[in-house]
S.K.: 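Shown below is the structure under consideration.
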Amino acid sequence: MSRALCTHCLRPRSHCLCALIPSLSCRTQVVVLQHPSEARHALNTARLAVLGLEGARRVVGEYFSQEDWALSGHLPRLLFPGEGAEVLMPGYGRDLDEPIRLIVPDGTWGHARKLLHINPGLAALPRVMLPAGLSTRYRVRHADVPGALSTIEAVTHALNAIEAPMNFDALLRPFEALIDGQIEGMGADLYARHHLNRKVPWR
């Protein structure tokens, strides 16, 4: 018999995270474009990011229309490394005339690259990227590439830069509780054998 789920965070009611999910507002609008395979994953950090941000959206699919990333009065920026990507440093959005619409592909790196490949209009957007050297707290999933972050971590770092001096670390509270619960559930020995000293992914 399946466990009853919270209708908001979609976690089992015995492990509901809603009390830890903030309600943060900002000038930047976040839109997560999520690969369908990631939407089904139990450790879905993008959902937590969207739930914690007023006005944020999550769109699940492989093909997206311009309406999914274009919004009158906002400057679209694709959060994905690549040629010409601007590094997000504190104060990035301070001198812009219009707020940013931050577009965040969500999935494994392979899935994210596929989303850009099959959506050329999306791939052509101006890109921003996080600075090198950031470390992840995502201790229970293995990385596609070294040094990658979970999606909720990437969104938090991006907003901390764009919206400085505002701070969005409160977004990470349910994420940290989720990870702690997973580690507790698997047991210290199993976690030590399979996850310690490994990098984990931006998802």
Side-chain angles (χ1 to χ4, degrees), residues 9 17-34 43-59 68-107 109 112 115-116 122-139 143 145-180 199-203:
C9 70
L17 297 171
C18 289
L20 298 174
I21 297 174
S23 181
L24 304 176
S25 61
C26 61
R27 193 165 178 253
T28 302
Q29 186 193 44
V30 173
V31 179
V32 175
L33 302 182
Q34 189 172 61
L43 300 183
N44 182 345
T45 77
R47 176 184 293 277
L48 294 176
V50 169
L51 289 176
L53 290 168
E54 295 180 10
R57 296 178 56 217
R58 181 175 65 102
V59 184
D68 293 320
W69 63 76
L71 180 67
S72 177
H74 284 69
L75 302 173
R77 293 292 186 271
L78 178 69
L79 183 60
F80 201 80
E83 186 176 353
E86 295 182 85
V87 178
L88 287 174
M89 302 302 291
Y92 172 85
R94 188 176 300 145
D95 297 326
L96 298 176
D97 293 332
E98 297 178 323
I100 290 172
R101 193 179 214 197
L102 188 68
I103 313 301
V104 185
D106 180 60
W109 282 100
L115 292 180
L116 299 187
L122 178 64
L125 293 176
R127 297 192 186 192
V128 292
M129 60 187 290
L130 299 174
L134 298 175
S135 59
T136 184
R137 305 179 197 183
Y138 208 169
R139 296 163 285 160
V145 296
L149 303 176
S150 67
T151 295
I152 196 170
E153 290 174 304
V155 168
T156 300
H157 283 297
L159 290 178
N160 281 345
I162 296 170
E163 299 283 339
M166 292 179 64
N167 184 280
F168 291 82
D169 288 352
L171 275 179
L172 298 175
R173 290 187 314 219
F175 164 70
E176 290 169 344
L178 174 67
I179 300 307
D180 288 344
K199 302 290 185 179
V200 280
W202 168 0
R203 295 178 189 261

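Note that the structure is predicted; figures quoted are calculated from it, not measured. Residue indices begin at 1 and follow the sequence shown.
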S.K.: Between CG of Leu51 and CG of Leu17, what distance do you get to the nearest 0.5 Å?
M.R.: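 These two atoms lie 10.0 Å from each other.
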S.K.: Ignoring hydrogens and geometry, is there a side-chain-to-backbone donor-acceptor pair from Asp106 to Val32 under 3.5 Å?
M.R.: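 Looks like no, no N/O pair under 3.5 Å.
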S.K.: Which value, rounded to the nearest 0.5 Å, describes the distance between Cys9 atom SG and Ile21 atom CD1?
M.R.: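 Answer for the SG-CD1 pair, Cys9 versus Ile21, is 5.5 Å.
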S.K.: Rounded to the nearest 0.5 Å, how far does CG of Leu159 lie from CG of Leu88?
M.R.: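 It comes to 9.5 Å.
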S.K.: Can you name the one residue among Val50, Leu33, Asp68 that meets side-chain contact (heavy atoms from CB on, under 4.5 Å) with Arg57?
M.R.: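 Only one option passes, and that is Asp68.
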S.K.: Which heavy-atom pair separates Gly82 from Arg127 by the least distance, and what is that distance?
M.R.: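 That closest heavy-atom pairing would be CA-NH1, 3.8 Å.
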S.K.: Is atom CE of Met166 surrounded by more than 12 heavy atoms (other residues, nucleotides or ligands) closer than 6.0 Å?
M.R.: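 Atom CE in Met166 is crowded, with more than 12 foreign heavy atoms closer than 6.0 Å.
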S.K.: Counting distance only, does the side-chain N/O of Thr45 pair as donor-acceptor with the main-chain N or O of Ile152 below 3.5 Å?
M.R.: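 Side chain of Thr45 to backbone of Ile152: a pair is present.
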S.K.: Are Val128 and Ile162 packed together at the side-chain level, in the sense that at least one heavy-atom pair is separated by less than 4.5 angstrom?
M.R.: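 A side-chain contact is absent here, since even the closest heavy-atom pair is not under 4.5 Å.
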S.K.: Where do Trp69 and Val31 land on the side chain to side chain contact (heavy atoms under 4.5 Å, CB included) test, with the steps shown first?
M.R.: CA-CA 7 Å; Trp69 63 76; Val31 179; over 6 Å; no
S.K.: Give, for atom CZ of Phe175 and atom CG of Asp169, the distance between the pair rounded to the nearest 0.5 Å.
M.R.: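 Separation between the atoms: 12.0 Å.
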S.K.: First locate atom CG of Asn160, then atom CG of Asn167, and finally report the distance between them rounded to the nearest 0.5 Å.
M.R.: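 Answer rounded to 0.5 Å: 4.5 Å.
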S.K.: Gln34 and Val59: side chain to side chain contact (heavy atoms under 4.5 Å, CB included), yes or no, with the steps?
M.R.: CA-CA 6 Å; Gln34 189 172 61; Val59 184; over 6 Å; no
S.K.: Using a 4.5 Å cut-off on heavy atoms from C-beta on, say whether the side chain of Leu78 contacts that of Val104.
M.R.: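 Val104 does not reach Leu78 side chain to side chain.
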S.K.: Minimum heavy-atom separation for Phe80 and Pro105, please, with both atom names.
M.R.: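 Distance-wise, the nearest heavy atoms are CD1-CG, 4.2 Å.
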S.K.: Nearest 0.5 Å please: distance from the CG atom of Leu75 over to the CD atom of Glu98.
M.R.: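 So the CG of Leu75 and the CD of Glu98 are separated by 5.0 Å.
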S.K.: Give the C-alpha distance, both sets of side-chain angles, the deciding distance and a yes or no for side chain to side chain contact (heavy atoms under 4.5 Å, CB included) between Leu53 and Val155.
M.R.: CA-CA 10 Å; Leu53 290 168; Val155 168; 4.0 Å; yes
S.K.: For residues Ser150 and Glu153, is any side-chain donor paired with an opposing acceptor at under 3.5 Å?
M.R.: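 Indeed, the side chains of Ser150 and Glu153 share at least one donor-acceptor pair under 3.5 Å.
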S.K.: Below 3.5 Å, can you tabulate the donor-acceptor pairs from side chains in residues 90-97 to any protein atom, sequence neighbours excluded?
M.R.:
from  : atom 1 : to    : atom 2 : distance (Å)
Tyr92 : OH     : Arg77 : NE     : 3.1
Tyr92 : OH     : Glu86 : OE2    : 3.0

S.K.: Show every side-chain hydrogen bond (donor to acceptor under 3.5 Å, both in side chains) that has at least one partner inside residues 18-32, sequence neighbours left out.
M.R.: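 Checked against side-chain hydrogen bond (donor to acceptor under 3.5 Å, both in side chains) - neighbours excluded - the pairs reaching residues 18-32 are Ser23-Glu54, Thr28-Glu163, Gln29-Arg101.
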S.K.: Test Val30 against Arg58 for side chain to side chain contact (heavy atoms under 4.5 Å, CB included), laying out the working first.
M.R.: CA-CA 9 Å; Val30 173; Arg58 181 175 65 102; over 6 Å; no
